[in-house]
Amino acid sequence: MIKLIECPRDAMQGLPDFVDTAIKAAYINQLLEVGFDTVDFGSFVSPKAIPQMRDTAEVLSLLDLHKSKSKLLAIVANVRGAEDAFHFPEIDYLGFPLSISETFQKRNTNASISQALETVEAIQNLCQTKGKELVVYLSMGFGNPYGDPYSSELVAEFVQKLDDLEIKIISLSDTIGIADNKLIKDLFAVQVEAFPEIEFGAHLHSRPESISAKVKAAMEGGCKRFDGALKGFGGCPMAKDELVGNMDTEVMIATLESEGCDLALNKAELYEAVKLADYVFQSPL
């Protein structure tokens, strides 16, 4: 079964102007009506680092979760953030960004890879006692622009370390949209075969015209979990290319359905969510 993870947090976090809390909550409530497997709705990180997400707890208090089948995911970057998230039983998943690039790990979480792995272990131990599941994002999972070491064997080494910690969901992330389709297919195929008990996801960034091909490549490699954002809003500011953003959820849906996937989405609610996305991300706030 294919799982779609909608990521309004990723779409919003880089916006220069603060999105009003009520608008955030209204948008996420609309997404909860669509039928996505999971909604990546916010983060418990330093408000100095990501000021857009400083109201995550307040947004959560405004969400109507009673009729939604979607689960909630929040990003954390350290143990303190995880402890903050544990106060909220509504949250199912915590996401942690672990980078294969030492340079990016320091830029993203102000920590070395070895320190980040220690943090992953500490958060995983807490998750196992608190009844939550940790999703680890392997950023720069398809290469990096810094000249840091990279190979598929190195990816496998990271996955093995996470497997040793009993991490069950790992999302391979193409942080700056550099992966070609062959690499996407091959990397997923190798990891899925080597670690069949792990659920591998794809958090890919892409230029618009490449989205469908990347989805198909990941599917051919055995990926069954895809992150996206409506209309492709958001993405990594380090991409240095305004056309490289999150994978457009509508294109992903069309591609997956063309491949015979039944995503069980409410298309009427999806249409309303797309209209609301135009307001949230393009109107002056």
- Are Lys69 and Asp37 close enough for a salt bridge, meaning some N to O gap below 4.0 Å? no
- Approximate separation, where rounding is to 0.5 Å, of Leu126 CG and Leu134 CG: 10.0 Å
- Item | side-chain hydrogen bond (donor to acceptor under 3.5 Å, both in side chains) involving Asp262 - partner list, sequence neighbours excluded | none
- Closest non-hydrogen atoms of Lys168 and Glu197, given as atom of the first, atom of the second and distance, are NZ-CG, 3.9 Å
- Counting only N and O atoms by type, is there a donor-acceptor contact under 3.5 Å from the side chain of Asn108 to the main-chain atoms of Ser99? no
- Task: Using the six-membered ring of Tyr93, assess whether NZ or CZ of Arg225 lies under 6.0 Å from its centre and within 45 degrees of the ring axis.
- Result: yes
- Treating Ile, Leu, Val, Met, Phe, Trp and Tyr as nodes and any side-chain heavy-atom pair under 4.5 angstrom as an edge, say whether Leu154 and Phe188 lie in one connected cluster. yes
- Does Lys24 count as lying over the ring of Phe18, i.e. NZ or CZ under 6.0 Å from the six-ring centre, within 45 degrees of the axis? yes
- Task: Tell me, please, whether Phe158 has Lys161 positioned over its six-membered ring: NZ or CZ under 6.0 Å from the ring centre and within 45 degrees of its axis?
- Result: yes
- Item | Gln115 backbone acceptor or donor facing Thr119 side chain under 3.5 Å | yes
- Joint hydrophobic cluster, Ile198 plus Val135, side-chain heavy atoms closer than 4.5 Å: no
- Salt bridge or not for Glu257 and Lys267, using N-O below 4.0 Å? yes
- Grab the two heavy atoms, one from Leu72 and one from Leu32, that are nearest each other, plus how far apart they are. CD2-CD2, 4.1 Å
- CG of Asn266: more than 12 outside heavy atoms within 6.0 angstrom? yes
- Item | Glu199 and Lys3: CA distance, side-chain angles, deciding distance, salt bridge (Lys or Arg N to Asp or Glu O under 4.0 Å) verdict | CA-CA 10 Å; Glu199 179 180 314; Lys3 295 181 180 180; 3.0 Å; yes
- Message: How close do Phe142 and Tyr150 get, counting heavy atoms only, and between which atoms?
- Response: CA-OH, 3.3 Å
- Query: Does one side chain, of Asn144 or Ser101, offer a donor that lies under 3.5 Å from an acceptor on the other?
  - Reply: no
- Query: Are the side chain of Asp40 and the backbone N or O of Arg9 linked by a donor-acceptor pair below 3.5 Å?
  - Reply: no
- Item | ring-ring contact (aromatic ring centres under 6.0 Å, His included) partners for Tyr137, two or more places apart | His203
- Item | Distance under 6.0 Å and angle within 45° of ring axis: Arg80 vs Phe44 | no
- Task: Check Lys106, Arg107, Gln105 against Thr109 for a side-chain hydrogen bond (donor to acceptor under 3.5 Å, both in side chains) and give me the one that passes.
- Result: Gln105
- Under the 3.5 angstrom rule, does the side chain of Asn29 hit a backbone N or O of Leu62 as a donor-acceptor pair? yes
- Salt bridge or not for Lys231 and Asp248, using N-O below 4.0 Å? no
- Note on the structure: With sequence neighbours left out, the residues meeting salt bridge (Lys or Arg N to Asp or Glu O under 4.0 Å) with Glu157 are none
- Please round to the nearest 0.5 Å and tell me the distance separating atom CG of Asp84 and atom OG of Ser43. 11.0 Å
- Query: Distance only, no hydrogens: is a donor on one side chain within 3.5 Å (strictly under) of an acceptor on the other, for Gln124 and Glu166?
  - Reply: no
- Check: Asp55 side chain, Val59 main-chain N or O, donor-acceptor pair, under 3.5 Å: no
- Task: Would you check if the distance from the ring center of Tyr27 to the ring center of Phe41 is below 6.0 Å?
- Result: no
- Counting only N and O atoms by type, is there a donor-acceptor contact under 3.5 Å from the side chain of Lys214 to the main-chain atoms of Met247? no
- Note on the structure: On a heavy-atom basis, the closest approach of Ser212 and Thr255 is OG-OG1, 3.0 Å
- If you take all heavy atoms of Phe88 and Ala57, which pair is closest and at what distance? CZ-CB, 3.7 Å
- Minimal non-hydrogen separation, Gln52 against Leu15, with atom names: NE2-O, 3.3 Å
- Item | Co-membership, hydrophobic cluster, residues Ile211 and Phe36, 4.5 Å side-chain | yes
